[in-house]
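Notes for the one structure printed next.
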Amino acid sequence: MTFDFDKNIDRSRTASVKWGSIPAVFGVEDALPMWVADMDFEAPPAVVRAMKERVEHGVFGYTLQTDSYREAVTQWMKNRHQWSIKPEWIQFCPGVVPALSLIVETFTDPGDKIIIQTPVYPPFYSVVKDHGRELVHNPLKVTEQGDYIMDFDDLERSLSGGGIKLLILCSPHNPVGRVWTRDELSRVAALCEQYDVLVASDEIHADLLFQTGSHTPFASLSEDAANRSFVCTAPSKTFNIAGLNTANIIIPNEERRQRFEKTLRKYALGSITPLGAAATEAAYREGEAWLDELLAYIRRNMEYIQSYLEQHIPEIKVNLPEATYLLFIDFRGLGMTHEELTRFLVQQAKIGMNSGIMFGTEAEGFMRMNVACTYATAQEAMSRLHAAVDQWRKEQ
Ligand SMILES: Cc1ncc(COP(=O)(O)O)c(C=O)c1O
């Protein structure tokens, strides 16, 4: 390996949400932080170098999205996702969640219905409810093997009921880790065309794939899909620069792009930061080799955890995701209520994870574990869990 993902980095004094909020959120000091979706690794060396150079300059005034920046984003989409976009389709936004919120505000009206596919990333609920729009759930189905698939019959039933303006798609899906196939996405696109529904496609996890080349950007499906979609992309998850608040929203339809931009201006949100711009451009131009090694490292963590559970704690089960650095772990074999499980994991195992019900009531008994950590941390998590389960077994 060229890059050192084993390096143990102390994040405790950097005001990190993931590390610093453990006592406030979990009520204990010493839980291992395996929750908030950022990584414990340094960003790629090229990114750190570009930021240092920018810092050396010493002047940090208002910053443009240059042609070179747009070209870096465009090239990345082409190389990594075989997707040809025009540089002018790229709209800056200080985050994907802010973009989802602005899309809801701009393209729907109070009382309109918006579909989400649950269990899903919690802000998908709040951006709808906070704007006074009505949430419609299209729960994912689970196969006998524990794989998640879309429920197209339910989706069509909801769409044909009328009043739905927007579908917020999570592609790849957090927390279930699916990379939707071209066929699945084409069926979604066909239904959205039939019932004239817009699509906000959150593709923030699209680069974190374990089979390269198989993510299909929603807008690349067809001309109609391009016209009705907002593809929300960002270098933040991919290169561990989420704190730089830089996202690129790709909106092929000119009229919709202008309306989105008008809302950005309304809230004075359209300005990129000098460090966000430098980091993003360097990441997209020079970060690919780092990303490929990162994915191999994370996959090893995942495979280790899966086989550890199989061997030592068969009550707890996990299917490996197709994308994301998040494991969606099934703890139902322990037979605990949600409250018991939460208490057990925090107080006995001392691991801080996101509980399944944050993502939807259907995910009770599941926990989301962030494994973008050192292999040593993954081992520590397994030994803590094993010891806690051993103790619990004795008490049964
Ligand atoms: C699906 C999804 N969308 C958006 C975000 C956050 O995006 P941002 O920090 O750009 O608002 C996350 C972070 O975990 C996520 O998982």
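One-based numbering, in listed order, for ligands and for the atoms of each.
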Query raised in the report: Tell me, which residues have any heavy atom less than 4.0 Å from some atom of ligand 1?
Result: Ala37, Gly95, Val96, Val97, Pro98, Tyr121, Cys170, Asn174, Asp202, Ile204, His205, Lys237
Query raised in the report: So which of Glu362, His173, Arg178 actually passes side-chain contact (heavy atoms from CB on, under 4.5 Å) with Leu140?
Result: His173
**Report entry** Partners passing side chain to side chain donor-acceptor pair (under 3.5 Å) against Glu395 (at least two apart in sequence or in another chain)
**Finding:** Gln391
Requested in this report: Answer with yes or no whether the side chains of Asp183 and Thr181 bring together a donor and an acceptor at under 3.5 Å.
Outcome: no
Query raised in the report: Aromatic rings Phe3 and Trp290: how do their planes relate, parallel, tilted or perpendicular, breaks at 30° and 60°?
Result: perpendicular
Query raised in the report: Just wondering, are more than 12 heavy atoms of other shown residues or ligands nearer than 6.0 Å to CZ in Arg13?
Result: no
Query raised in the report: Strictly under 6.0 Å, is that where the ring centroids of His338 and Phe331 end up?
Result: no
